[in-house]
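See structure below.
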Amino acid sequence: MAYPHGPSPYGPPPMTHPNGTTILVLGILSLVICLFIGPFAWAMGTKALREIDSSGYYYENRGNVNAGRICGIIGTCLMGLIVGGYILLFGFALLAGAFSS
């Protein structure tokens with residue numbers, strides 16, 4: 001690998017994962033705006049972390065990738081709770097309608 005100013009005495013310069021910012025933005029948006037984005041942030045973050053860990057290089061945005069992944073996990077769990085609550089509410093409404101006649 002050729003460096004523009006010669007090799008660094010401390011090793012290669014840190015790299016950035018190309019999807020790091022995207023994963024972080026998706027994770028934050030899954031908490032703030034739309035919970036349906038959470039699984040995408042979770043899956044992309046897990047894939048990116050596997051790529052980072054298997055590369056053997058130091059990535060300076062590993063923390064951003066991990067934060068986006070965690071936000072995606074939280075967003076996915078919240079989405080599951082909300083969907084489960086709607087299913088329970090709909091089930092109770094059906095039961096109440098069946099017993100009211």
Side-chain angles (χ1 to χ4, degrees):
M1 180 183 292
Y3 299 107
H5 303 291
S8 171
Y10 304 109
M15 299 170 54
T16 58
H17 195 276
N19 292 336
T21 305
T22 305
I23 295 167
L24 181 62
V25 168
L26 286 176
I28 292 171
L29 288 178
S30 74
L31 293 175
V32 176
I33 294 177
C34 181
L35 294 174
F36 295 108
I37 302 173
F40 297 107
W42 186 0
M44 287 177 65
T46 301
K47 180 182 175 189
L49 284 176
R50 285 184 187 147
E51 291 172 0
I52 289 171
D53 291 339
S54 67
S55 71
Y57 289 105
Y58 173 72
Y59 282 80
E60 62 186 0
N61 64 343
R62 188 182 197 285
N64 291 344
V65 171
N66 200 22
R69 179 178 163 262
I70 291 171
C71 288
I73 291 171
I74 293 170
T76 303
C77 292
L78 287 174
M79 182 181 64
L81 287 173
I82 290 172
V83 169
Y86 280 136
I87 290 172
L88 282 174
L89 190 64
F90 184 70
F92 287 143
L94 284 177
L95 285 175
F99 288 120
S100 67
S101 56

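Numbering starts at 1 and runs along the sequence shown. These numbers were taken from a predicted model, which means no experiment stands behind them.
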Using every non-hydrogen atom in the two residues, find where [X] and [Y] come nearest and quote the distance to one decimal.
X	Y	value
P39	F36	CD-O, 3.5 Å
I23	A48	CD1-CB, 3.7 Å
G20	V65	CA-CG2, 3.6 Å

Can you find a heavy atom in the side chain of L49 that is under 4.5 Å from one in the side chain of N66? yes
Which Ile, Leu, Val, Met, Phe, Trp or Tyr residues join [X] in one cluster when any pair of side-chain heavy atoms under 4.5 Å counts as a link?
X	answer
L81	none
I73	W42
F40	none

When clusters are formed by joining ILVMFWY residues with side-chain heavy atoms under 4.5 Å apart, either directly or through shared neighbours, do Y86 and L78 land in the same one?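 Linked, Y86 and L78 end up in one cluster.
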Hydrophobic clusters here meaning ILVMFWY residues chained together by side-chain heavy-atom distances under 4.5 Å, can you tell me if F92 and L89 are in one?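 No, no single cluster joins them.
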Test side chain to side chain donor-acceptor pair (under 3.5 Å) applied to T46 - qualifying residues, sequence neighbours left out: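 Counting only residues at least two positions away or on another chain, T46 forms a side chain to side chain donor-acceptor pair (under 3.5 Å) with R69.
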At what distance, to the nearest 0.5 angstrom, does OG1 of T76 lie from CD1 of I37? 10.5 Å
Verify, without hydrogens or angle tests, whether N64 (side chain) and T21 (backbone) share a donor-acceptor contact under 3.5 angstrom.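 Here the side-chain-to-backbone pair does not exist.
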Please evaluate residues I52 and M15 with respect to the criterion side-chain contact (heavy atoms from CB on, under 4.5 Å), reporting the C-alpha separation (whole Å), side-chain torsions for both, the decisive distance (0.1 Å), and the verdict. CA-CA 10 Å; I52 289 171; M15 299 170 54; over 6 Å; no
Under 3.5 Å donor-acceptor pairs involving side-chain atoms of residues 26-35, not counting sequence neighbours:
from: S30; atom 1: OG; to: G27; atom 2: O; distance (Å): 2.6
from: S30; atom 1: OG; to: C71; atom 2: O; distance (Å): 3.4

Salt bridge (charged side-chain N to carboxylate O under 4.0 Å, His left out) contacts touching residues 32-51 (sequence neighbours left out): none
